[in-house]
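Note sheet for the following structure.
Naming convention: chains lettered A, B, ... in sequence-line order (proteins, then strands); numbering from 1 in each chain. Quantities reported herein were computed from a predicted structural model and do not represent experimental measurements.
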Amino acid sequence: MASIKTPQAIRGTQDIFGAEAEAFAFVVETFERVRKLYRFRRIEMPVFEKTEVFSRSLGETTDVVSKEMYSFEDRGGESLTLRPEFTAGIARAYLTSGWQQYAPLKVATHGPLFRYERPQKGRYRQFHQLDAEIIGAAEPQADVELLAMADQLLKELGIAEGVTLNLNTLGDAPSRESWRMALIEHFREARDALSEDSRERLEKNPLRILDSKDPRDQALVHTAPRIDDFLSGEAERYFLAVCDGLDAAGVAWHRNATLVRGLDYYRHTAFEFVTDRLGAQGTVLGGGRYDGLIETLGGPHTPAVGWAAGVERLAMLVEGVSADDFIAVVPDQPEQECDAGRIVQLLRTAGLTAILAFRGNAKKRVDAARREGATAVLIVRSDGHSLGRLHMSHYASGRSNREQDDLDSKVLSALDGEFGSKFSSSGWNRPS
RNA sequence: GCGAUUGUAGCUCAGUUGGUUAGAGCGCCGGUUUGUGGUACCGGAGGUCGCGGGUUCAAACCCCGUCAAUCGCCCCA
């Protein structure tokens, strides 16, 4: 008999369960809560777009476009691509869905993205991002607001301690271009001292040499021309306004003059929240201003700024999302199954998390409930049983008698007298 | 695309210089005890040793290939 081979999961995809899934959900829920505080409007976006949406906006020579896109032809012969990022699709929607009328538009979304890369720690082929954008705002306050929201998000996730905001400006288009020329000249003179990778970058993307990890490049980076010397007066004023705004908002930041961003569309403000706790993937949230992007999609000149954050990376920093308390209801004998079912439903209706332990005898059910981490087990006995009809056993460690009493009275009020006006209760912290 | 490490039960892992029938814990299934306090007891099922080839009297172990995972390079969130 030929055995059936179980298909494997696609490389770089994840099946998330348990504590990791809880951390993942905690990140997303916290983001949803925080973005509402800033009144970013929720949007839902397609997971795929015409390929040109990404190829035109990100830059043909970027790695994302040249080798990381999941592209395919549909039945009509059109080239489509699973989104490798959010921004390009949102910019397209801004133009094709009439969202220009809402400018300045503050939007937020989250969901899966796809890049054909070699998976490693904090990097997957299907990964997930939080995303926030302000479209149609040229004011530095937009940058500040976005960063303030990012900062609050990290604080509310409880991970702000190990994460720092690196901030830089890439200047406006003329500033960036003259800086770029100066960098090429600087590195070309010392070409032989550069690492192999950086010699490659010199042709393709000279700005990237600045954040090379190769020690051979470090010395040259140190003496490289700085963007500050090429900033136009306007670009400089803009950056100062962002810095002042951050200080006023109480957002801590570090100037990092060698911070650049990978995608072509960035101008002015560029930023990354980085940590050293995630191995090679230190960037947990990154973004910047992309005033030129919407024009590359055929729209009017539209200033915009945004960021994206890796949900998996944030979730890895979040530790010990405490599981919610729950009560397991266990019938003593099969005859109490219906009573137990009634009780568990009453508890849920009253807003208490409760499960009905339904496999094995009472002993096995109690054991199973405790293994699952039940806060307490409510045993249901027959009416008139010598040990009483209901018994609460508290199993959560480190709870005070007061907390246990509170839970007992919540349960009693949820049952509303149906199973008697009181029950016995025992617990580790209770002298009994 | 490149490099390093690792693939043994559902999970976490042992497995000697190559040598009978590949083990443990947890989980799972069955039962006993217990009317409740953090690991009670007894029994059971479950493994093409990632896959393919080679060396050998003999391979989980050595060699080659391949696939996958992990970490790193590149790049990015």
Checklist entry - Where do A/E418 and A/R342 land on the salt bridge (Lys or Arg N to Asp or Glu O under 4.0 Å) test, with the steps shown first? => result CA-CA 10 Å; A/E418 263 192 54; A/R342 169 75 182 158; 2.5 Å; yes

Item to check | Lys/Arg-Asp/Glu bridge criterion (N-O < 4.0 Å) met for A/E44, A/R42 | outcome: yes

Next on the checklist: Measuring only the P atom in each nucleotide, how far is B/A58 from B/C42? A whole number of Å is fine.
Outcome noted: 42 Å

Checklist entry - Do A/R188 and A/P206 come close enough that some side-chain heavy atom pair is under 4.5 Å? => result no

Checklist entry - Taking the P atom of each, how far is B/U56 from B/C61, in whole Å? => result 16 Å

Item to check | Whole-angstrom distance between B/U33 and B/G10, as gauged at atom P | outcome: 32 Å

Checklist entry - On a whole-Å scale, what distance lies between the C1' atoms belonging to B/G46 and B/G25? => result 15 Å

Item to check | Complementary nucleotide of B/A59, counting Watson-Crick and G-U pairs under 3.5 Å | outcome: none

Checklist outcome for this item: In B/S/- notation (B base, S sugar-phosphate only, - none; protein heavy atoms under 4.0 Å), nucleotides 70-77 of chain B written 5' to 3' is -SBBBBBB

Next on the checklist: At 4.0 Å (heavy atoms only), tell me whether A/Q333 reaches a base, stays on the sugar-phosphate, or touches nothing.
Outcome noted: base

Checklist entry - Given that both distances must come in under 3.5 Å, which nucleotide forms a Watson-Crick or G-U wobble pair with B/U34? => result none

Checklist entry - Between A/R261 and A/E272, is there a side-chain N and carboxylate O pair less than 4.0 Å apart? => result yes

Next on the checklist: Using atom P in both nucleotides, what's the gap between B/G65 and B/U70 to the nearest angstrom?
Outcome noted: 23 Å

Checklist entry - Are there more than 12 heavy atoms of other residues, nucleotides or ligands under 6.0 Å from atom CD of A/E20? => result no

Checklist entry - Watson-Crick or G-U wobble partner for B/C2, using a 3.5 Å limit on both distances? => result B/G72

Item to check | C1'-based separation of B/C57 from B/C41 [nearest Å] | outcome: 47 Å

Checklist entry - Hey, which of A/H268, A/E133, A/R267 is the one that makes side-chain hydrogen bond (donor to acceptor under 3.5 Å, both in side chains) with A/Y290? => result A/E133

Checklist outcome for this item: Mate of B/G43 across any strand shown (Watson-Crick or G-U wobble, both atom pairs under 3.5 Å) is B/C29

Checklist entry - When you look at CZ of A/F326, are more than 12 heavy atoms from neighbouring residues, nucleotides or ligands closer to it than 6.0 Å? => result yes

Checklist entry - How far, in whole Å, is B/A22 from B/C49 if one measures between their P atoms? => result 11 Å

Checklist entry - What does A/I379 touch in the nucleic acid at a heavy-atom separation under 4.0 angstrom: a base, only the sugar-phosphate, or nothing? => result base

Checklist entry - For B/C13, what is the paired nucleotide under Watson-Crick or G-U wobble rules, both distances under 3.5 Å? => result B/G23

Checklist entry - For atom C1', what is the distance between B/G50 and B/G7, given to the nearest Å? => result 6 Å

Next on the checklist: With a 3.5 Å limit on both atom pairs, tell me what B/G7 is paired to, counting Watson-Crick and G-U wobble, or say none.
Outcome noted: B/C67

